[in-house]
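Below is one structure; the comments refer to it alone.
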Number of protein chains: 2
Amino acid sequence: MSVYDDETKFKKAEHDFINEALANVYDNILRIEEKELKKSSFSDITVKEVHLVHAISLHEPKSASQIAKKMHLSRGTLTVNLRNLERKGLIHRTKNSQDQRVTDITLTKRGRVLYRAHNAFHSKMVDRFLAGFNLDELKVVKHALVNLQDFLDELT
Amino acid sequence: MSVYDDETKFKKAEHDFINEALANVYDNILRIEEKELKKSSFSDITVKEVHLVHAISLHEPKSASQIAKKMHLSRGTLTVNLRNLERKGLIHRTKNSQDQRVTDITLTKRGRVLYRAHNAFHSKMVDRFLAGFNLDELKVVKHALVNLQDFLDELT
DNA sequence: CAAAAAAGGTTTGATATTCAAACAAAAATA
DNA sequence: TATTTTTGTTTGAATATCAAACCTTTTTTG
């Protein structure tokens with residue numbers, strides 16, 4: 001049994017491990033986000049709604065169409081979603097003064113609090129993801145994610 | 001401006017990049033899986049159904065309850081899902097001979113073909129994720145994923 | 001061993017989410 | 001000005017989910 005074979009076998013095991021890990025991670029994140037919400041002052045908010053709030057973001061007002069595009073939702077679906085976000089006090093809807101067709105969407109104070117809480121969670125997660133790495137190692141991790149994005153972009 | 005500040009600033013940028021990448025990857029994978037299915041001989045199958053088939057797997061027959069647990073679905077929901085999988089010719093349902101309460105779920109030939117196709121897709125994805133890395137670099141990537149899993153496990 | 005409890009699976013009724021298509025109003029274009 | 005495009009909404013249908021009630025079968029317990 002050569003060193004090459006050992007290395008090959010090792011790589012195969014790592015490959016399987018990483019495959020499994022990638023497949024599991026996202027479901028777990030969603031479940032934990034759901035759980036954390038339930039415990040918080042946002043127990044009336046679903047994970048999907050948090051992701052909508054994330055897409056709206058703190059920055060300039062966005063039109064419904066922009067958000068729909070970003071979230072890959074039909075305009076009809078977004079209308080329903082935005083109505084719910086408004087009902088739950090997360091967003092404001094105002095007519096755009098330049099273009100009367102468009103509705104400007106902005107976060108309310110409550111929406112901004114939720115946005116920041118969600119960001120903090122993700123930030124903590126990335127901290128842990130990268131815990132203990134030096135700059136070179138960090139570049140390796142980044143490179144892997146770039147690889148993945150490239151692969152996905154090719155298939156889009 | 002010290003080296004420390006530069007490094008800190010660099011890390012912050014990488015951190016943001018990685019945060020964004022992690023957030024995007026999963027949605028993209030699902031969309032591409034959907035697209036690839038549409039093009040294939042499995043255009044009648046949804047991504048959710050593929051993931052059910054993955055949970056059933058090629059190995060020993062599984063009970064409906066085992067699958068429901070793995071997929072975090074209620075038993076009622078799973079009954080509906082399995083009925084659809086059966087209708088689409090992906091699974092067999094047989095009474096377990098040891099315990100008449102249990103239904104054994106196994107993949108049909110078509111189900112196995114789908115399982116292998118889905119596995120092949122994921123395998124190719126991991127290949128690309130890890131493309132060009134040596135063993136040490138591979139360990140770094142694995143370490144990052146272990147970090148992430150640990151973080152998620154703590155919150156579960 | 002008989003009665004009670006538990007476990008596996010199904011059905012039912014209610015709620016969520018989504019889409020496509022039809023629609024109205026405003027803006028852009030020809 | 002007349003036509004087309006864009007933006008957002010409404011509507012109707014399809015899908016996915018859950019909890020609770022239910023029936024069998026198995027396990028536990030008195």
Side-chain angles (χ1 to χ4, degrees), chain A residues 26-27 30-31 33-35 37-38 42-56 60-88 90-106, chain B residues 26-27 30-31 33-35 37-38 42-56 60-88 90-106:
Chain A
Y26 281 97
D27 273 351
L30 290 185
R31 249 193 311 285
E33 286 186 351
E34 190 78 58
K35 193 177 167 186
L37 279 170
K38 282 280 185 313
F42 293 101
S43 57
D44 58 327
I45 309 294
T46 68
V47 170
K48 279 183 186 170
E49 288 170 333
V50 174
H51 292 158
L52 270 169
V53 163
H54 180 83
I56 294 165
E60 341 79 71
K62 295 195 169 47
S63 71
S65 286
Q66 285 177 308
I67 298 164
K69 195 169 185 180
K70 193 164 185 171
M71 299 295 286
H72 297 89
L73 293 172
S74 71
R75 281 171 302 154
T77 298
L78 201 76
T79 297
V80 176
N81 286 325
L82 292 180
R83 184 160 52 236
N84 290 334
L85 291 185
E86 195 173 35
R87 188 169 46 76
K88 292 182 179 182
L90 295 172
I91 63 164
H92 289 305
R93 294 205 267 190
T94 50
K95 276 248 161 285
N96 182 298
S97 52
Q98 317 292 315
D99 184 340
Q100 294 293 302
R101 292 171 304 177
V102 327
T103 319
D104 285 338
I105 313 293
T106 49
Chain B
Y26 189 59
D27 273 351
L30 288 186
R31 251 194 309 285
E33 286 187 350
E34 191 78 57
K35 192 177 168 187
L37 280 170
K38 281 282 186 310
F42 292 101
S43 57
D44 58 326
I45 309 294
T46 67
V47 170
K48 278 183 186 172
E49 287 170 331
V50 175
H51 292 157
L52 270 170
V53 163
H54 179 83
I56 294 165
E60 340 79 69
K62 294 195 169 50
S63 70
S65 287
Q66 285 176 306
I67 298 165
K69 195 170 185 179
K70 193 164 185 171
M71 299 296 288
H72 297 88
L73 294 172
S74 71
R75 282 172 301 156
T77 298
L78 201 76
T79 297
V80 176
N81 287 327
L82 293 180
R83 183 159 54 236
N84 290 334
L85 291 185
E86 196 174 34
R87 188 169 47 76
K88 292 183 180 182
L90 296 171
I91 64 164
H92 288 304
R93 293 205 268 191
T94 51
K95 277 247 161 287
N96 182 296
S97 53
Q98 317 293 315
D99 184 338
Q100 295 292 304
R101 292 171 304 179
V102 174
T103 318
D104 284 337
I105 314 293
T106 49

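All chains are named by letter (A, B, ...) in the order of the sequence lines, taking the proteins before the strands, and each is independently numbered beginning at 1.
Across all strands, B:T79 comes closer than 4.0 Å to base atoms (heavy-atom distances). Note on A:Q98: only backbone sugar-phosphate atoms sit closer than 4.0 angstrom, heavy atoms only; bases stay farther off. Base contact: A:T77 has a heavy atom under 4.0 Å from a base atom.
Listed by chain and number, the residues in a side chain to side chain donor-acceptor pair (under 3.5 Å) with A:T94 amount to none (sequence neighbours excluded). Considering only residues two or more places apart in sequence or on other chains, A:R93 meets the salt bridge (Lys or Arg N to Asp or Glu O under 4.0 Å) condition with A:E86. By the side-chain contact (heavy atoms from CB on, under 4.5 Å) test, A:K95 is found to be paired with A:Q100, A:T103, residues two or more places apart in sequence or in another chain being considered. With sequence neighbours left out, B:E33 forms a salt bridge (Lys or Arg N to Asp or Glu O under 4.0 Å) with no residue at all. Under the salt bridge (Lys or Arg N to Asp or Glu O under 4.0 Å) criterion, A:R101 pairs with A:D99, sequence neighbours left out. Take B:D104 and apply the side chain to side chain donor-acceptor pair (under 3.5 Å) test, not counting sequence neighbours, and it matches B:N96. Qualifying salt bridge (Lys or Arg N to Asp or Glu O under 4.0 Å) partners for A:K62, counting only residues two or more places apart in sequence or in other chains: none. In this structure B:D27 satisfies the side chain to side chain donor-acceptor pair (under 3.5 Å) test with no other residue, sequence neighbours excluded. Here B:S74 pairs with B:T77 under the side chain to side chain donor-acceptor pair (under 3.5 Å) rule; sequence neighbours left out.
Residue order along DNA chain D, read from the 5' end via each residue's closest nucleotide, puts B:N84 first among B:R75 and B:N84. If A:V80 and A:D99 are placed on DNA chain C by their nearest nucleotide, the residue sitting closer to the 5' end is A:V80. The residue among A:N81 and A:R101 whose nearest nucleotide of DNA chain C lies closer to the 5′ end is A:N81.
The pairing partner recorded for D:dT4 is C:dA27, the criterion being a Watson-Crick or G-U wobble arrangement whose two distances lie under 3.5 angstrom.
Two end axes, each from the C1' atoms of five base pairs, can be drawn for the helix from C:dC1-D:dG30 to C:dT15-D:dA16; they diverge by 10°, to 10 degrees.
From the 5' end on, the contacts that DNA chain C makes with chain A at under 4.0 Å to a non-hydrogen atom open and close at C:dT17 to C:dA27. If you walk DNA chain D from 5' to 3' and mark each nucleotide with an atom closer than 4.0 Å to a heavy atom of chain B, the marks span D:dA16 to D:dT26.
Between A:T46 atom OG1 and A:H51 atom NE2 the span is 9.5 Å, to the nearest 0.5 Å.
Base orientation of C:dA24: anti, the glycosidic angle falling outside 90° of 0.
Scanning both residues, A:A68 and A:L78, for their nearest heavy atoms gives N-CD2, 3.7 Å.
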